[in-house]
Structure formats: C-alpha cells, structure tokens
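Here is the structure we will look at.
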Amino acid sequence: MELVFFHIRHLVEIFFVQRQELLASLRTTSPSVLIVGGGINGVGTFRDLALQGVNTFLIDRSDFCSGASSASSHMAHGGIRYLENGEFRLVREAVHERNLMIKNAPDLVQPLPTTIPIFKTFSGLLNAPLKFIGWLDKPSERGALVIKTGLIFYDAFTGRQRSVPKHIFENRAKSLKKYPHLNPLVRYTATYYDGLILSPERLTLQLVFDGEAEGPHARALNYVSLSGISGDTVMVHDEVGNDELTLQPKLIINAAGPWIDRINRTLGMATRYIGPTKGSHLVLDNSELRKAIGDHEFFFENKDGRIVLIFPLFDKVMIGTSDIPVEDPDDVRCTEAEVDYFIEMVSRVFPDIPVTRKQIVYRFSGVRPLAYTRARNAGQITRDHHIQEDRAGKFPIYSLVGGKWTSFRAFSEQVTDRALGFLGIERKTDTQDLPIGSGTDAGLRLTPDYTRAEIAMMAEREKIVHLDDLLLRRTLLAYLGQLTRPLVGQMADWLGESLGWNEGQKNAEIQRCLEILADQHQARL
Ligand SMILES: Cc1cc2nc3c(=O)[nH]c(=O)nc-3n(C[C@H](O)[C@H](O)[C@H](O)COP(=O)(O)OP(=O)(O)OC[C@H]3O[C@@H](n4cnc5c(N)ncnc54)[C@H](O)[C@@H]3O)c2cc1C
C-alpha cells in the first residue's frame, strides 16, 4: 500500500514539475545518457534505462511520436511477407513482441483478425528461391500454397504464447458468404491474427510517463532539439523558450529515425545509415466499406505486386500504404498520385463499393528509417534493426537504425544492455512482462466528445505545448476527421485556459494548427 501511495505522490509531483524547472536543473546536473528522438525507439529505450536507475534525459525537437512512429499502419505484426525474404529471425522476434504488446498494453493493442483474399493457387512458389539467388526484382503474385506455407510458420512462431488464434483457410463459397462484397474472382481467403495499435501516439506517451514514474533521474521533454557539439559539450535548444542549454553526457543515443544521419552531421560525423522510404495512408469515411470489412484488416497484393491494406479504424477505414525512396524526410506529403493508387486498389478486393476523394477525412505520410542499401525494390529492404556505434569527442554515439514499431521493446532492450555495459551497471529489471501504464489508460478516452475537464487534465499532465499536440496526438480528433473550425476554436479556448495563453497566443496556435492540417494532412477546415 505504501508503495502505491509513493507511486501516486510521485506521479503527481512529476506532472507538476514545470518545463522551466527541469531545464534549469539540467544546467547544474548533466544526464549520463542523452537520448535524441522521442519516437517509439527513443522512448522505449528511455523507459528501459529509467527502470535500471540510469540518469537519462530524452529530447525531441517536436512532439513525442510525431515522426515515423505516428505514420505507421497501426499494425503490431510479425511481418508475414518478410518470411519470403528468409528473415526468420526478424519475424520470430516481431511475432513474440506482438504477443507481448497485446498482453502488456491490452487497452491500446488488440488482436486484429487479418484476411488475405487469394486469387491464385500455385503462383509465387519460386519467389523465395529466386530472391535468395538475387534474380528477382518483382515477385509474382502469391498464390494459396505460398500463403498457406507462410501462415504455418507464422502460427509456429506464436508457439506457446497463444495470445491469438491460429489461421484458417476458406474456399470461395464460404468467403463470399462471409464477405458478400468481395471480388467474386477470389479463390480462397486466409484469416490469421496480428495486433491493432489503437493509438501509437498514446502508447508512446504512456511509455514516457512510465519512464518518468521511476524517479527524477529520468526526464523527457518535447520541443527541445539537438543543435551542436563542442569538445565534450553538447548543445540543445529549447524551442519553446528559444534558449540554449549545454550538457555533458557520457553517452548519446541517436534515436532520430529518418533524421539519424542529420543528427550525426550535427555531431560532426558523416554517416549514411538510413535509406528513407515514404509511406502514406488515407482515412476514409465510407460506411459501406467499413461494414464490408467488419472488424478485419484486409491485407493483399495489389496488381503491381505491392502489399497493401484496408484497415478498420474505429468507425472509419484506413487504406495504404506506399513505399517510395525519398531524400528529405521533412518534405513528405501524400500526393494526388498516391491518392489515385489507394482509391483504385480498393476495387481489386471490393469492386462494387465506390470510393471517392470526398470520403477522405485525413491523409498522413511518414518516412521509414530503413537501413541504407542498394536494393532496387524498396519492399525488399530489411525491416530489421541494429545499433551503429561511433564516437564524437569523448562520447560514444549509438545510432538506432531500422526496426519496426512492433519490435521496439526488443530493440530498446538491446540498446539498453549495450548502454549498461558501457556504464558498468547491472540490469535490475526486465521489460518483457511489464505492463505499459496501468493496463487501463485512465487519462484516455479514444473516442471523441471530450469534456472541458478532460482537456484541462491533459493540459496539466501530458506535456502539451501546442494546440496540434492535443488535436493530432493526444486525441484522435484529427485522425478520425472530427475537427471543424468551431471545434478547433473551442479546444484552443479550453487548452489556453489551462496553459495560460493570451488572446494573441491562442490565435497564433489556431493558425499554426490549421496550417499543419492543411499542409501536411490536406485537411482544409
Ligand atoms: C508508412 C509507415 C508505415 C509503417 N507501418 C508499420 C506497422 O504497421 N507496424 C510496424 O511495426 N512498423 C511500422 N512502421 C515502422 C515504424 O513506424 C518505425 O520503424 C518506427 O516508428 C521508427 O521509430 P523511431 O523512434 O526510430 O523514429 P521516429 O518515430 O521518426 O522518431 C525520431 C524522432 O527524432 C526527432 N528528431 C529529429 N531531429 C531531431 C533533433 N535535431 N533533435 C531532437 N529530436 C529530433 C523527430 O522529431 C522524431 O520524433 C511504419 C513506418 C511507416 C513510415
């Protein structure tokens, strides 16, 4: 009981520690470890180091989970298609981690029935051997036999964890009975289970809170960027107070995802670890399609061989995604060509359900921080993760290259073990069976219709700096197309009351938010 009271008192304390006080305290005491990047990999490592009692400070130049981690397809998945590339280790690890996410964060990650419509029987049998000897750029369509083999492996990897049921195969007649709108050319459907991450943003935030709840040795701040290095001193810039701060950590963890090479350049090193590829999604308000898929994700091969998805997201449907090599991770948007592609692809599976541009309520794009390679087909680049170790001045720098949302815990554990070895500290706690949050995220209702008191609570506790933090990441209002101009105004009023904004600041926040919505999400209110 005493422990519970300590925990609650401690939580209350940290929620009220002011940004300025924290920044001031860093002027006198430097952290042992500086993590640059508040996406899932930086935050996962932050939590793990916090649990081991390591003095750690995490910064993000923007909000937590605003980079690649907010652009994901929301799948906690093993990646069945990577089996074809022979990546058994990756798939086994990711399936294991998927199961742990469902167990440890049940309010935010749920089992997701996933259906593959299959139009061929024997096709694709040679994909894997031809890829192995390097003769295949574009795989041929996967038929029933290839998919069945993959699913047998997939089930086997779930092993004794049994957190989701085994796959089933159904013939044409049964499939059409179950999904009357399905393309009648279908020969079979296979249904297996993965995980649905209801809100990647909330899950990331919860891990930040879990890390901070370990004690004052672990702190994380959004809107602080890494800006330079001079000898043994690292400079960080407070984007809110427009102030510079110097730190002298023992170790830097570069968890900047697609921006990893840029951070290394800031630290004086020329690296080329990342080969970024863009992926976009649309969120549709299409009740006919939503009803047709039920609560299943439809995961299938489009005419051009790309694996794409139609996904249930609350009362909306999410569709995606692309995989296009890009140069500048700051300059990605969902293009009209991508929109055409996504709209067209639905007709392969549900030909009689019309999809139009008018149904789009939200678009989003992000950049996968994949390991740099000369592979010609972006879909064949490995999604596995590894640490690149360098030195700038006296600091070792670990760059966290690649990875999937799903395997964040395992990657964080690997990074933390390396850091503990360097610092000469023993691991005290394992994260494998550790619940995320309380298991029931009390500060959260994922559906809209928030009350003023709830907004005030989020403002007080959830490190909100800008109006867009609230509308795009603490709530699902933007994602689900619930925003209207008056609602944005009302939210700005409520948030501004709690954060002490004057009229000028409030209007500037509204303007900033509308610009982000229009520019990055093509949502014009
Ligand atoms: C389209 C798409 C779909 C995907 N779908 C899935 C999926 O369904 N399932 C799955 O498992 N994985 C998926 N992934 C992969 C997964 O999302 C990423 O591998 C993962 O989110 C990478 O996280 P990260 O923390 O390494 O990078 P990020 O989330 O990008 O975090 C890096 C952070 O660094 C910050 N930063 C940059 N520069 C600075 C600076 N100077 N100072 C301080 N901070 C800085 C950024 O603001 C950013 O928040 C998908 C990725 C994409 C893009």
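All figures in this text were calculated on a predicted structure; none of them were measured in a lab. In each ligand, atom 1 is the first atom listed, and ligand 1 is the first ligand listed.
- Considering backbone and side-chain atoms together, Met75 places an N or O closer than 3.5 Å to an N or O of ligand 1.
- Of the listed residues (Ser66, Pro369, Gly403), the one carrying the non-hydrogen atom nearest atom 22 (C) of ligand 1 is Pro369.
- Taking a cut-off of under 4.0 Å to the non-hydrogen atoms of Val36, the atoms of ligand 1 that pass are 42 (N), 43 (C), 44 (N).
- Selection from Gly39, Ser69, Pro276, Gly37 by nearest heavy atom to atom 23 (O) of ligand 1 gives Ser69.
- At under 3.5 Å, a nitrogen or oxygen of Ala68, whether backbone or side chain, sits near a nitrogen or oxygen of ligand 1.
- Looking only at side-chain heavy atoms (C-beta outward), Tyr154 and His77 come within less than 4.5 Å of each other.
- If you check the side chains of Tyr341 and Asn302, you find a donor sitting under 3.5 Å from an acceptor.
- Remark: ligand 1 atoms within the under-4.0 Å shell around heavy atoms of Val367 are 53 (C).
- A side-chain hydrogen bond (donor to acceptor under 3.5 Å, both in side chains) with Thr271 holds for exactly one of Asn254, Asp261, Asp390; it is Asp261.
- By the 4.5 Å heavy-atom criterion applied to side chains, Asp323 and Thr321 are not counted as neighbours.
- At most 12 non-hydrogen atoms from other residues, nucleotides or ligands lie less than 6.0 angstrom from NZ of Lys250.
- Those atoms of ligand 1 that come under 4.0 Å of a heavy atom in Pro258, given as number and element, are 30 (O).
- Where the criterion is an N or O separation shorter than 3.5 Å, residue side chain and backbone included, Ser62 fails it with respect to ligand 1.
- When only modelled atom types and interatomic distance are considered, Thr277 and Arg368 share a side-chain donor-acceptor pair under 3.5 Å.
- The single protein non-hydrogen atom nearest to atom 11 (O) of ligand 1 is Thr406 OG1, 2.6 Å, given as residue, atom name and distance.
- Screening Thr406, Asp384, Ile387, Thr45 against Phe411 for a side chain to side chain contact (heavy atoms under 4.5 Å, CB included) leaves a single residue, Ile387.
- Within the listing of ligand 1, atoms 1 (C), 2 (C), 3 (C) sit less than 4.0 angstrom from a heavy atom of Ala71.
- The N/O atoms of Ser73, backbone and side chain alike, include one that comes under 3.5 Å of an N/O atom in ligand 1.
- A donor and an acceptor atom, one from each side chain of His237 and Asn242, are located under 3.5 Å apart.
- Between Tyr479 and Phe314, the distance from one ring center to the other does not fall under 6.0 angstrom.
- When only modelled atom types and interatomic distance are considered, His281 and Glu338 share no side-chain donor-acceptor pair under 3.5 Å.
- Protein heavy atom at the shortest distance from atom 52 (C) of ligand 1 is Arg368 CG, 3.6 Å.
- Residue-level proximity to ligand 1 for His77 is carried by the side chain, the only part with a heavy atom below 4.0 angstrom.
- Listed by chain and residue number, Asn264 satisfy the side chain to side chain donor-acceptor pair (under 3.5 Å) test with Ser399 (two or more places apart in sequence, or in another chain).
- Among protein heavy atoms, atom 41 (N) of ligand 1 sits closest to Ile263 CD1, 3.2 Å.
- Within the 4.5 Å cutoff, no side-chain heavy atoms of Leu245 are placed close to those of Met235.
- Ring to ring, Phe298 and Phe311 are not that close: their centroids are 6.0 angstrom or more apart.
- Contact annotation for Thr321 and ligand 1: only side-chain heavy atoms (C-beta onward) come within less than 4.0 Å of the ligand.
- Note that the CG atom of Leu434 and the CG atom of Asp48 stand 9.0 Å from one another [nearest 0.5 Å].
- Residue Ala255 touches ligand 1 through its backbone alone, judged by heavy-atom distances below 4.0 Å.
- Within the listing of ligand 1, atoms 29 (O), 30 (O), 49 (O) sit less than 4.0 angstrom from a heavy atom of Gly67.
- Between Phe364 and Tyr362, the ring planes are tilted. Angles from 30° to 60° get that label.
- In this structure, the protein non-hydrogen atom closest to atom 43 (C) of ligand 1 is Arg61 N, 3.2 Å.
- For atom 14 (N) of ligand 1, the closest non-hydrogen atom of the protein is Ser72 CB, 4.1 Å.
- The N/O atoms of Leu226, backbone and side chain alike, include one that comes under 3.5 Å of an N/O atom in ligand 1.
- Listed by atom number, the atoms of ligand 1 under 4.0 Å from Gly257 heavy atoms are 26 (O), 27 (O), 32 (C).
- Any N or O atom pair closer than 3.5 Å counts here, and His281 shares no such pair with ligand 1.
- Ligand 1 places these atoms under 4.0 Å from at least one heavy atom of Trp259: 30 (O), 37 (C), 38 (N), 46 (C), 48 (C).
- With a heavy-atom cut-off of 4.0 Å, Leu400 does not touch ligand 1 at all.
- Ligand 1 has no nitrogen or oxygen under 3.5 angstrom from a nitrogen or oxygen of Ala76.
- If you check which protein heavy atom lies closest to atom 24 (P) of ligand 1, you get Asn41 ND2, 3.6 Å.
- Residue Trp405 has at least one nitrogen or oxygen atom sitting less than 3.5 Å from a nitrogen or oxygen atom of ligand 1, judged on distance alone.
- A side chain to side chain contact (heavy atoms under 4.5 Å, CB included) with Pro369 holds for exactly one of Ile260, Ile274, Val401, Leu400; it is Ile274.
- Looking only at heavy atoms of the protein, atom 48 (C) of ligand 1 is closest to Asp60 OD2, 3.3 Å.
- Not a single N or O atom of Ser280, backbone or side chain, sits closer than 3.5 Å to an N or O atom of ligand 1.
- Residues passing the side chain to side chain donor-acceptor pair (under 3.5 Å) test with Gln359 are Asn286, sequence neighbours excluded.
- When each atom of ligand 1 is checked for a heavy atom of Gly279 under 4.0 Å away, the hits are 1 (C).
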